[in-house]
Each structure stands twice: as C-alpha cells, then as structure tokens.
Amino acid sequence: MTGQAQAGRPNKLLRNLNAKIASIPMILTALVIFVGGTFWTVFYSFTNSKLLPRLSFVGIDQYERLWAAPRWVTAIENLALYGILSLIFSLVIGFLLAALMDQKIRFENTFRTIFLYPFALSFIVTGLVWQWILNPEFGVQSVVRSLGWTSFTFNPLYTPEIVIYGILIAALWQGTGLVMCLMLAGLRGIDEDIWKAARVDGIPMWKTYLLIVIPMMRPVFITTIVIIASGIVKVYDLVVAQTSGGPGISSEVPAKYVYDYMFQAQNLGQGFAASTMMLVTVAIIIVPWAYLEFGGGRKRG
C-alpha cells in the first residue's frame, strides 16, 4: 500500500514543471549576467587592462595603487561619513514621521503623498534642484541675506570641509519618504490590543514605542536598513548633479571613481579593482541580512 502511494506521487523534480521551465531564462540571465559579470570583473581586476581587457596579470598591484590613491581614500571617507549619517537620520526621521502618521491625523493621504513624492524624482533632478537651493548666489544664503541677516553664510556645496553634508541634505529629502512608508506599514501591522494593554498598564507612549513596538518591527527595520545601505554604496547621481566630485576631490565617492577610471581614464584594471571593493562592501551588507532573515529564522523554527 505504501509502495503504491509512493509510486503515485510525482517526482519532486517534476512538481510545478511548467513554472520551472518558465523560470529557466531568468535563471540563465542571473547566472550569465550577474554571477558571470561579477567573476569577470574580479578576474580582470588582477590584470593591467587599459582601454580593453587583456590577460596581463599583475597580481594585487591594482589594489595597492587603489589604496595608495588619495582620491580613493577620500571617496571611502566620504562614503563612510555619508553612509553613517544617512542611515541614522533616515531611520530616525522616517520613523518619527511614520509615528505621527499613525495617529490617524486628518489629510493623512495628502501628507503621505507629499512626503513620498521626492522619491519619485530621479537623483539627477533632485541633485540639480538642491544645487540651486544651496547656491550662495540665489539659494538659501541669498534669501536670508535679503531679509536683513547680511552676515549669514550657508554655502555647503562650495566648502570642501562640509560639501558632503550638502549632498546628505538632498539624499535625506529624497529618501526619507520611502522609509516613512515602510515604517508606517510596520506600525499598521501592530495589533491594536497591544496599544490598549499599554494604555491600561499606564505605560508612557515613548516607552511603548521603545520597548514594545520597535522590537516587534525588527524585520521591517532590517529590510529598511538593507535598502538604505544598498543606496548608500552606489550613490553617484546626486554627487555628479550637485558637485561633480568637487570642490577638487572633496566630494568624491567610490561609484564616481569607478566610472571615471573605466570610461574616462581608460584604466579598466583600476576600475575593476575599485568595483570589486564595492562588491565586497555590498556583500558585507547582504550576507548578515540573509542570515538574519533566513538562517536565523530557520534556527528559531
């Protein structure tokens, strides 16, 4: 009887056969383009490729030149500062806006649309808009001075020491709305009984958020952090639109470094080495997230 039942069951490999056949083109695309392209980039980062790829191996010379280049070091420092501040402020501002929206305020849909609208714009448009706003000749500085504060100075995009903060302002303006929507979706998933129990027990609202709600929103926070972090690593458009890496190299970022060396300096080997370092950065972000989302979940189960 058992043998007949087993004989009647379809082979696991044959289950959902149509869906598996339909997914073959996507699997091949992922393997050839993404995985294959990744290995190709890493492989040629150990060569002396210039205008075109060539099999002239130089070991880790490209990486030694990369980390000895002041421009790359500046790009990494900018990315670290921009990344840490962007992550902190995006989460804090996004969560606070979501908490306000969760109070069932009037015109919630209107406010939600207003806050999310900047995310619909391209980074180039956002960069150009904020380049105009932060321009000392006709932006914020000019407006404030016209009101009588003639000594007021607000000129981040033309000051090397603080130029990265000008880029950060534009990034927060564009990306915070998305974080707010993700957090609001998480808050709306909290059971109403939890809020009622907290009120009955006399727990202050800030403690309810801090000790109960935020821990329950852990998956939302992890996903949001990964989304923000992936955007941080590949930041390029905002920098090009606002400063083009200037003044000098003070707002240089890794993605711009890669583009300039691969397509302008015609030094593919150096560009591939920089790309590989960016890949390592992405892996550092993705691997812990995958473990927390999948590996950790299976252990708990």
Quick one: do F95 and V179 satisfy side chain to side chain contact (heavy atoms under 4.5 Å, CB included)? Show the steps, please.
CA-CA 7 Å; F95 185 81; V179 177; over 6 Å; no

Would you check, one step at a time, whether the test side chain to side chain contact (heavy atoms under 4.5 Å, CB included) holds for R54 with T47?
CA-CA 7 Å; R54 60 180 180 179; T47 68; 5.7 Å; no

Determine, step by step, whether T159 and I162 satisfy the side chain to side chain contact (heavy atoms under 4.5 Å, CB included) criterion, reporting the C-alpha distance in whole Å, the side-chain angles of both residues, the deciding distance to 0.1 Å, and the verdict.
CA-CA 6 Å; T159 307; I162 60 172; 3.7 Å; yes

What's the verdict on side chain to side chain contact (heavy atoms under 4.5 Å, CB included) for M217 and I190, showing C-alpha distance, side-chain angles and the deciding distance?
CA-CA 8 Å; M217 290 177 60; I190 302 295; 4.2 Å; yes

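L28 is not connected to I21 by any chain of hydrophobic side-chain contacts under 4.5 Å among Ile, Leu, Val, Met, Phe, Trp and Tyr, and they are in different clusters. By the rule that hydrophobic residues join a cluster once side-chain heavy atoms approach within less than 4.5 Å of another member, I228 and I214 end up as members of one cluster. Hydrophobic clustering (ILVMFWY, side-chain heavy atoms < 4.5 Å, transitive): L279 and I33 are in distinct clusters. Placement of L172 and L184 within a single hydrophobic cluster is found when ILVMFWY residues are connected by side-chain heavy-atom separations under 4.5 Å, directly or transitively. In this structure, V125 is a member of the same hydrophobic cluster as L134, with clusters built from ILVMFWY side-chain heavy atoms closer than 4.5 Å.
Heavy atoms from other residues, nucleotides or ligands lying under 6.0 Å from NZ of K50 number more than 12. Residue F119 places its CZ atom among 12 or fewer non-hydrogen atoms of other residues, nucleotides or ligands, all under 6.0 Å distant. Counting heavy-atom neighbours within 6.0 Å of W149 CH2, excluding the residue itself, gives a total of 12 or less. More than 12 heavy atoms of other residues, nucleotides or ligands lie within 6.0 Å of CZ in F221, so this atom counts as buried by the packing criterion. The environment of R188 atom CZ is dense: over 12 non-hydrogen atoms of other residues, nucleotides or ligands sit within 6.0 angstrom.
The minimum heavy-atom distance between I232 and L79, with the atom names listed, is O-CD1, 3.1 Å. Taking both residues in full, the closest heavy atoms of L121 and Q174 are given as O-NE2, 2.5 Å, listed atom of the first, atom of the second, then distance. Minimum heavy-atom separation, G127 to A241: CA-CB, 3.8 Å. T243 and S251 get closest at one heavy-atom pair: OG1-OG, 2.7 Å. E137 and N135 get closest at one heavy-atom pair: N-OD1, 2.8 Å. For P247 against L157, the heavy-atom pair with the smallest separation is CD-O, 3.6 Å.
Side-chain polar atoms of S275 and T41 form no donor-acceptor pair below 3.5 angstrom. Looking only at atom types and distance, the side chain of Q62 has a donor-acceptor partner in the side chain of Q270 under 3.5 Å away.
Looking only at side-chain heavy atoms (C-beta outward), Q266 and Y261 stay at 4.5 Å or farther from each other. The closest side-chain heavy-atom distance from M216 to I194 is below 4.5 Å. Side-chain contact between N155 and P136: present, with at least one pair of heavy atoms (C-beta onward) separated by less than 4.5 Å. Taking the side chain as every heavy atom from C-beta outward, V258 and Y236 never approach each other to under 4.5 Å. Residues L268 and L51 form no side-chain contact, since every pair of their non-hydrogen atoms from C-beta on lies 4.5 Å or further apart. Proximity of C181 to F115: side-chain heavy atoms (C-beta onward) are nowhere separated by under 4.5 Å. Using a 4.5 Å heavy-atom cutoff, the side chains of I227 and L182 are in contact. No side-chain heavy atom of S244 sits less than 4.5 Å from a side-chain heavy atom of V239.
We find the CE-CE distance between M183 and M101 to be 15.0 Å, quoted to the nearest 0.5 Å. From F39, atom CZ reaches atom CG of L31 across 10.5 Å, with rounding to the nearest 0.5 Å. Interatomic distance, OG of S122 versus CG of L238, reported as 9.0 Å (0.5 Å rounding). Rounded to the nearest 0.5 Å, atoms OG (S151) and CZ (R145) are 7.5 Å apart. For the atom pair OG1 (T224) and CG (L178), the distance works out to 7.5 Å, reported to the nearest 0.5 Å. To the nearest 0.5 Å, the span separating CD1 on I169 from CZ on F89 amounts to 10.0 Å.
A salt bridge between K256 and E252 is present, with a side-chain N of the basic residue lying under 4.0 Å from a carboxylate O of the acidic one. Using a 4.0 Å cut-off between charged nitrogen and carboxylate oxygen, R112 and E108 count as a salt-bridge pair.
For W67 and Y63, the ring centers are positioned 6.0 Å apart or more. No close placement of the Y82 and Y165 rings is indicated, their centers lying 6.0 Å or farther apart.
Of the listed residues (I60, D61, T276), just one forms a side-chain contact (heavy atoms from CB on, under 4.5 Å) with F46, and that residue is I60.
Using bins of under 30°, 30° to 60° and over 60° for the plane-to-plane angle, the ring pair F43/F57 lands in the perpendicular bin. The aromatic rings of Y44 and F272 lie tilted to each other, with the angle between the two planes from 30° to 60°.
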